[in-house]
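These values consider heavy atoms only, across backbone and side chains, with no hydrogens, waters or symmetry-generated copies.
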Amino acid sequence: MIDYVKELNPQQLEAVQAPPGPLLIIAGAGSGKTRTLTYRVAFLIEKGLPPDRLLLLTFTNKAANEMLHRVSSLLPVDASRIPGGTFHSICNRLLRRHAREAGYEPGFSIFDEEDSKDVIAQSVAEEQIDTRKNRFPKPEVLSDIFSLAANTERPAAQIVREQYEHFEELIREIERVQERYQHRKREMNGMDYDDLLSVFLRLLKTNPGIRESYQKIFQYVLVDEYQDTNKIQSDIVDTLVAGHKNVMVVGDDAQSIYSWRGANFRNIMEFPKRYPGAKIVRIEQNYRSTPQVLELANASIAQNTEQFKKNLQPVRARGPKPVIVPASNGFQQAEFVATQVLELRDQGINLNQVAVLYRSHYHSMELQMELTRRNIPFHITSGIRFFEQAHVKDVAAHLKLVLNPSDELSFKRLLKLMPKVGAMTADKIWRKVGAEPRNSDLKGLVARMIQHGPSIPRAAENEWKQFAAILKQLASDEIRKHPSEMIHSVLESWYSAYLKVTYPNFKHRLEDLAQFASFAAKFKDLEHFLAELTLMTNLEIEQEARDERLDPSEILRLSTVHQAKGLEFEAVFVIGLADGMFPSSRSLQSQANEEEERRLFYVAVTRAKDYLFLIYPLIRSNAGYYGDAMQKPSRFIYELPEHCAERAELPEKSWAWES
């Protein structure tokens with residue numbers, strides 16, 4: 001027998017030993033959620049529930065395996081007998097048994113992302129969509145639309161209107177492609193990742209025998225990270241437990257931050273309504289952070305009106321107060337972080353125990369530059385290094401052609417972004433329009449492009465004309481003095497439309513490019529800008545190669561808050577804490593979105609064990625059009641009581657790198 005009183009704190013014990021029936025566990029950050037789930041599984045088995053009558057649903061198979069391994073270390077039970085895994089893996093396993101009832105053959109294929117995009121591309125072709133005329137979305141974007149529709153159980157048309165409004169005129173064509181895509185998958189006896197959920201749910205709803213069978217088999221269902229479930233996942237759980245209502249869901253509404261990818265905040269908030277009489281247990285003892293960090297986190301999340309009220313209670317001894325740092329601009333912010341990181345290292349804190357978190361990837365640009373200059377190794381969880389991103393390199397290629405019209409690599413790079421233009425076609429076109437180095441003249445290149453326009457594939461005619469037009473515009477001697485304005489001109493040309501039809505996250509890429517333009521505004525002319533860009537790019541590549549050979553403990557972590565969820569660090573820097581950056585400007589359009597941003601801030605600060613720095617730049621470069629702009633500190637900082645943090649004072653004169 002397990003001594004639960006000895007192994008668990010009173011709140012965990014209450015959750016683990018709760019009677020059968022619906023149970024909602026609100027597990028605060030760092031409160032031992034996994035431990036509680038593990039002991040609940042062990043408790044149910046000790047009380048006589050056969051291991052194969054449990055179902056454990058998690059968001060990674062690794063999490064499920066770790067929990068079940070812990071159960072087998074607590075009890076003499078074969079953990080492999082306990083069905084556990086992600087929603088998708090469990091649905092796949094059960095669909096294999098009932099493929100024919102679901103309308104498939106037992107050996108059905110599961111398409112990966114590339115397979116899905118290929119079938120979508122075939123569907124577009126079979127529907128004879130004129131992709132040239134209307135700038136039809138690429139398969140990557142259509143896949144994202146169809147996936148979000150499936151996971152939220154909403155029509156694709158609604159997804160387009162709400163999140164891809166620039167394609168609203170194409171809704172009927174998109175729906176036709178979706179219908180064809182579904183038909184083609186069935187013809188090929190295949191499912192994509194989302195079908196595993198939707199087909200299984202449809203099977204349960206349309207086949208009473210199968211539904212009742214699994215309601216009897218799974219006598220108790222446990223769900224981890226319930227605040228991150230989407231509509232279809234919640235419906236699957238509700239259907240499986242409809243008869244007995246023996247369900248335990250564990251999550252933290254204060255860490256619900258993934259609505260943009262379909263997670264439904266309402267699932268956890270409305271659980272007591274869907275399950276009248278449900279027992280609610282709050283686990284609030286925090287084993288991760290100091291009392292000072294938790295006091296700040298509690299004060300922040302208390303501002304949200306819609307939540308399960310909770311108050312994280314510290315177990316650890318007191319530590320240093322969080323520090324709020326006003327920086328004059330992004331460059332001084334970066335200098336402060338780099339200096340403080342080195343000081344922490346001198347105090348004995350390994351760099352891999354330090355994280356810099358931000359709302360959006362582009363907020364880290366100045367910091368990446370400063371770390372690169374100082375030779376401080378870092379790893380970016382939120383994506384690749386700023387200047388190595390494809391869209392940044394695409395825009396830079398336009399500018400490189402202006403400076404050097406004989407730049408064959410830049411010309412071909414841009415040409416291959418156009419429809420029906422591959423490496424061979426790009427090479428053939430370059431041989432016709434390219435100039436010898438001694439005759440490198442941009443106006444001459446543009447003239448030859450216009451002359452040889454008929455050589456371009458018909459599908460790329462519009463892009464080719466606009467490409468020639470933007471190069472002609474950039475040929476002006478005056479505009480070459482303002483590389484920031486050149487970048488904006490590129491974005492107002494064909495390239496912005498290319499981003500919209502090519503990338504589901506095109507809005508984030510446009511934000512990156514706006515920040516790129518801000519960086520360019522620091523330079524007096526194109527030559528100086530491209531020289532520094534080349535230097536920074538080469539330094540990034542060299543440092544990345546060196547970092548791969550370093551001891552992992554000596555590498556600093558840079559990450560968006562979304563991708564840092566579930567992690568913890570001895571020291572955390574949250575940067576870009578200004579209204580319009582964090583919270584993002586788009587989130588301020590509704591109270592629900594603002595509250596999700598506050599939950600995101602809560603997640604950020606609760607990653608810190610000991611040291612927490614909250615930094616905001618007072619001035620933001622406004623990408624060259626209106627000059628630098630003053631900005632307000634984030635409302636999440638204004639809301640904090642004075643006693644929650646110290647205020648640091650940096651020198652009045654801003655450090656700013658100049659060309």
Side-chain angles (χ1 to χ4, degrees), residues 55-61 64 83-123 126 139-140 142-159 174-218 221 223 226 228-243 247 261-264 267:
L55 176 61
L56 175 62
L57 294 168
T58 61
F59 271 80
T60 66
N61 285 317
T86 65
F87 280 86
H88 293 87
S89 65
I90 294 295
C91 288
N92 175 48
R93 202 181 309 173
L94 300 180
L95 279 172
R96 295 289 174 187
R97 302 176 187 173
H98 307 285
R100 288 196 172 92
E101 291 95 328
Y104 293 80
E105 292 301 313
F108 63 82
S109 301
I110 301 175
F111 297 162
D112 61 22
E113 287 186 20
E114 287 302 314
D115 295 333
S116 296
K117 286 186 283 190
D118 287 344
V119 179
I120 290 172
Q122 292 173 19
S123 302
E126 290 170 7
E140 291 85 349
L142 291 171
S143 176
D144 201 64
I145 292 170
F146 299 160
S147 177
L148 202 52
N151 285 302
T152 59
E153 298 185 85
R154 291 184 293 166
Q158 185 178 348
I159 301 297
I174 291 172
E175 289 176 329
R176 280 168 46 203
V177 173
Q178 184 184 33
E179 291 169 11
R180 174 73 66 169
Y181 175 52
Q182 299 294 358
H183 176 70
R184 293 289 284 125
K185 285 186 292 182
R186 286 192 293 272
E187 278 188 336
M188 300 165 72
N189 193 36
M191 300 186 199
D192 62 24
Y193 200 54
D194 302 308
D195 290 330
L196 294 172
L197 303 185
S198 56
V199 172
F200 181 66
L201 180 60
R202 185 169 65 244
L203 177 69
L204 292 179
K205 288 186 172 181
T206 59
N207 194 309
I210 292 175
R211 179 176 66 247
E212 291 167 8
S213 170
Y214 283 112
Q215 287 173 344
K216 291 177 182 177
I217 290 173
F218 299 129
V221 176
V223 187
Y226 190 68
D228 294 333
T229 55
N230 56 39
K231 179 68 165 60
I232 199 167
Q233 290 166 334
S234 175
D235 286 350
I236 288 172
V237 172
D238 291 348
T239 303
L240 287 174
V241 304
V247 57
R261 70 182 190 196
N264 192 344
N267 288 348

Subject >> Heavy-atom donor-acceptor pair, Thr152 side chain to Leu148 backbone, under 3.5 Å >> reply: yes

Subject >> Exercise: identify the closest heavy-atom pair between Thr86 and Asn61 >> reply: N-OD1, 3.2 Å

**OP:** Report yes if the side chains of Val177 and Arg180 come closer than 4.5 Å at any heavy-atom pair, otherwise no.
**Re:** no

Subject >> Carboxylate-amine/guanidinium proximity below 4.0 Å for Lys117 and Glu114 >> reply: yes

Original post:
How far apart are the C-alpha atoms of Phe146 and Ile159, what are their side-chain angles, what is the distance that settles it, and do they pass the side chain to side chain contact (heavy atoms under 4.5 Å, CB included) test?
Top reply: CA-CA 9 Å; Phe146 299 160; Ile159 301 297; over 6 Å; no

**OP:** Give a yes or no on whether the backbone of Val119 and the side-chain of Ser123 come within a donor-acceptor separation of less than 3.5 Å.
**Re:** yes

Original post:
With sequence neighbours excluded, what pairs up with Gln158 under the side chain to side chain donor-acceptor pair (under 3.5 Å) test?
Top reply: Glu162

Subject >> Evaluation steps, side chain to side chain contact (heavy atoms under 4.5 Å, CB included), between Ile90 and Arg93 >> reply: CA-CA 5 Å; Ile90 294 295; Arg93 202 181 309 173; 3.7 Å; yes

**OP:** Grab the two heavy atoms, one from Thr58 and one from Thr60, that are nearest each other, plus how far apart they are.
**Re:** OG1-O, 2.8 Å

**OP:** Please tell me if the side chains of Asn92 and His88 come closer than 4.5 Å, counting only heavy atoms from C-beta onward.
**Re:** no

Original post:
Which residue, Ile236, Asp238, Val237, forms the side-chain contact (heavy atoms from CB on, under 4.5 Å) with Leu240?
Top reply: Ile236

Original post:
Once you round to the nearest 0.5 Å, how far does CZ of Arg184 lie from CG of Asp118?
Top reply: 11.5 Å

**OP:** Spell out, as yes or no, whether a donor-acceptor pair under 3.5 Å connects the side chain of Asn264 to the backbone of Thr229.
**Re:** no

Subject >> Pairwise side-chain contact, His98 with Asn207, heavy-atom cut-off 4.5 Å (strictly under) >> reply: no

Subject >> Of all pairs that satisfy salt bridge (charged side-chain N to carboxylate O under 4.0 Å, His left out), the ones with a partner from residues 188-198, not counting sequence neighbours >> reply: Lys185-Asp192, Lys185-Asp195

Original post:
Is the closest side-chain heavy-atom distance between Gln233 and Phe59 below 4.5 Å?
Top reply: yes

Original post:
Do you know the tightest heavy-atom contact between Ala150 and Ile232?
Top reply: O-CD1, 3.9 Å

Subject >> Test log, rule side chain to side chain contact (heavy atoms under 4.5 Å, CB included), inputs Val241 and Phe218 >> reply: CA-CA 8 Å; Val241 304; Phe218 299 129; over 6 Å; no

**OP:** Not counting sequence neighbours, which residues clear side-chain contact (heavy atoms from CB on, under 4.5 Å) with Arg202? List them please.
**Re:** Val199, Thr206

**OP:** Measure from NZ or CZ of Arg96 to the centre of the six-membered ring of Phe108, then state whether that distance is under 6.0 Å and the direction lies within 45° of the axis.
**Re:** yes

Subject >> Taking every non-hydrogen atom, the tightest pair across Asn189 and Gly107 >> reply: ND2-C, 3.9 Å

**OP:** Report, as yes or no, whether the 6.0 Å neighbourhood of atom CD on Glu113 holds more than 12 heavy atoms from other residues, nucleotides or ligands.
**Re:** no

**OP:** Any chance you could measure Arg97, atom CZ, to Ser213, atom OG, to the nearest 0.5 Å?
**Re:** 9.0 Å

**OP:** Take His183 and Glu179, measure what side chain to side chain donor-acceptor pair (under 3.5 Å) needs, and give me the verdict at the end.
**Re:** CA-CA 6 Å; His183 176 70; Glu179 291 169 11; over 6 Å; no

Original post:
Side-chain contact, heavy-atom cut-off 4.5 Å: Phe87 with Val223?
Top reply: yes

**OP:** Look up atom CG in Asp115 and atom CE in Met191, then write down how far apart they are to the nearest 0.5 Å.
**Re:** 14.5 Å

Original post:
Any donor and acceptor pair, going by atom type alone, linking the side chain of Asn151 with main-chain N or O of Ser147 inside 3.5 Å?
Top reply: yes

**OP:** Please report the C-alpha distance between Thr239 and Tyr214 in whole Å, then the side-chain angles of each, then the deciding distance to 0.1 Å, and finally whether the side chain to side chain contact (heavy atoms under 4.5 Å, CB included) criterion is met.
**Re:** CA-CA 10 Å; Thr239 303; Tyr214 283 112; over 6 Å; no

**OP:** Would you name the heavy atoms of Leu197 and Cys91 that are closest together and state the gap between them?
**Re:** CD2-SG, 3.7 Å

**OP:** May I ask you to test the Gln122-Tyr181 pair for a side-chain heavy-atom distance under 4.5 Å?
**Re:** no

Subject >> Considering all heavy atoms, the nearest Asn230-Asn267 contact >> reply: O-ND2, 3.1 Å

